[in-house]
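I have placed the structure first, in the form of structure tokens, so that the comments after it can refer back to it.
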Amino acid sequence: MSHLCDTILQNYQMRKTDSQKTAFIELLQQHFSELQVEKVDKNRNLVVGDIAKAKIIFTAHYDTCGRSLWPNLSIPFHPVLKFCYNILTLMPLIILMLLVIFGLEPWISDLATRTLLGLLAYYIPFFYKFYGAPANPNTANDNTSGVCLLIRLLETLTPAQKEKVAFVFFDNEEKGCVGSKAFRKLHKAETEQTLIFNFDCIADGEHILFLSSLPAEKQWQPLLKQAFKDENGLTVGFTNSKKAKYSSDQKRFPVSIGTAAFTKHPLIGYYFSRIHTVKDTVHDKKNIEFLRVGITRLIDLLS
Ligand SMILES: [Zn+2]
């Protein structure tokens with residue numbers, strides 16, 4: 001692992017506020033003079049390489065989330081179970097809203113006023129989670145792992161290999177993939193057919209899944225299977241976004257692959273369950289190295 005990634009793991013895991021992000025950007029600029037900050041609205045996406053010429057654009061979001069009490073559970077093959085889990089985590093707010101609407105009746109007779117207060121009781125804590133909650137101090141997997149993979153590629157690829165590809169560190173994924181949406185809007189023509197290869201939560205789990213959009217599956221899966229093979233105790237799986245759901249920045253792009261690492265459970269299959277909480281401390285460097293080697297192979301396979 002590079003010294004830069006160790007520094008980020010030690011001192012730059014919180015990248016939620018403007019000043020935390022600025023400190024991180026300045027650190028990257030010290031190491032990579034070619035890094036461009038592309039500002040669109042409130043997003044600062046960090047770009048290395050020529051987006052128009054790149055055959056593949058490797059991406060990872062660098063922003064991090066607020067500290068949450070409940071983990072953001074990922075179970076890509078069971079969307080209904082995931083939906084039920086999400087409802088469960090919202091239950092305290094739903095109960096609070098109902099208590100305000102129906103419990104205040106003796107004091108406030110007007111139903112419209114009580115409904116408005118109930119909605120406020122629901123939405124204020126809901127949005128606080130996105131905008132007001134203090135930064136989660138531990139983001140080893142989400143997404144310091146993706147950031148470190150891109151950094152390792154920038155450090156190790158030869159100039160000829162780098163020439164074929166580009167890199168983007170997206171801002172504001174945690175606010176709803178806002179940075180990647182802005183990037184797509186700005187580079188619509190250039191990203192219409194280019195593969196966006198995204199990495200989000202790749203360092204906690206021994207099963208690496210590549211979830212392709214249908215155009216990406218058709219165009220890229222044969223090459224992907226040549227580049228990534230089971231090795232060093234890690235397995236790879238290839239599926240498409242119709243069969244498995246994994247929400248991250250790749251969803252903004254037509255030709256795209258989302259990549260994440262999972263643990264396998266006998267009942268629910270692939271899952272991970274620590275991110276967005278203080279338990280997000282697992283950062284297996286073996287995973288980063290595995291993906292770095294596979295990507296390097298993939299780039300060498302490009303004509
Ligand atoms: Zn993430």
Side-chain angles (χ1 to χ4, degrees), residues 5 8-9 12-17 20-21 24-25 28 42-46 57-76 79 82 85-86 89 129-131 133-153 167-184 196-205 207-213 241 244-253 256-263 270-284 287-288 291:
C5 287
I8 292 169
L9 278 166
Y12 293 83
Q13 280 199 40
M14 285 189 281
R15 302 178 297 273
K16 181 173 186 284
T17 65
Q20 288 163 349
K21 289 178 189 177
F24 170 76
I25 293 168
L28 284 201
K42 286 185 174 168
N43 309 288
R44 285 180 287 176
N45 294 322
L46 316 176
I57 302 171
F58 296 103
T59 62
H61 75 87
Y62 70 93
D63 67 304
T64 60
C65 65
R67 187 173 164 174
S68 168
L69 291 175
W70 297 277
N72 185 352
L73 180 67
S74 183
I75 24 176
K82 164 79 176 167
Y85 173 79
N86 286 348
T89 61
K129 189 183 144 193
F130 289 102
Y131 297 100
N136 185 8
N138 299 324
T139 67
N141 192 31
D142 186 16
N143 189 25
T144 301
S145 63
V147 163
C148 284
L149 173 64
L150 263 51
I151 286 172
R152 290 296 293 139
L153 287 164
F167 302 85
V168 184
F169 299 84
F170 285 128
D171 196 1
N172 292 329
E173 189 269 353
E174 301 290 359
K175 290 179 181 167
C177 302
V178 182
S180 51
K181 188 180 179 188
F183 183 84
R184 167 75 174 141
I196 304 295
F197 204 156
N198 188 52
F199 300 88
D200 190 359
C201 302
I202 52 172
D204 182 13
H207 302 286
I208 313 274
L209 278 192
F210 299 96
L211 296 99
S212 305
S213 67
S241 49
K245 299 285 168 224
Y246 186 67
S247 180
S248 183
D249 289 311
Q250 77 278 350
K251 73 178 182 188
R252 299 287 182 202
F253 302 90
S256 59
I257 302 172
T259 316
F262 297 85
T263 301
Y270 296 106
Y271 79 100
F272 61 77
S273 63
R274 291 191 181 95
I275 65 163
H276 294 192
T277 69
V278 288
K279 289 182 181 167
D280 183 359
T281 55
V282 181
H283 182 101
D284 196 333
N287 290 31
I288 311 285
L291 285 166

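Ligands are counted one by one from 1 in listed order, and the atoms in each one are counted from 1 as well.
- Partners of Phe169 according to the ring pair (Phe, Tyr, Trp, His ring centres under 6.0 Å) rule, which considers only residues two or more places apart in sequence or in another chain, do not exist here.
- Among residues two or more places apart in sequence or in another chain, the ring pair (Phe, Tyr, Trp, His ring centres under 6.0 Å) test is passed with Phe24 by Tyr62.
- For Arg274, the salt bridge (charged side-chain N to carboxylate O under 4.0 Å, His left out) partners at least two apart in sequence or on another chain are Asp204.
- Residues Arg152 and Ile288 come closest through the heavy atom pair CG-CG2, 4.1 Å.
- Here CD1 of Ile25 is found 10.5 Å from CZ of Arg15. Values are rounded to the nearest 0.5 Å.
- Classified by interplanar angle (parallel below 30°, tilted 30° to 60°, perpendicular above 60°), the ring pair Phe210/Phe197 is perpendicular.
- The Zn ion (ligand 1) has His61 NE2, Asp142 OD1, Asp200 OD1, Asp200 OD2 as protein N, O or S atoms under 2.8 Å away.
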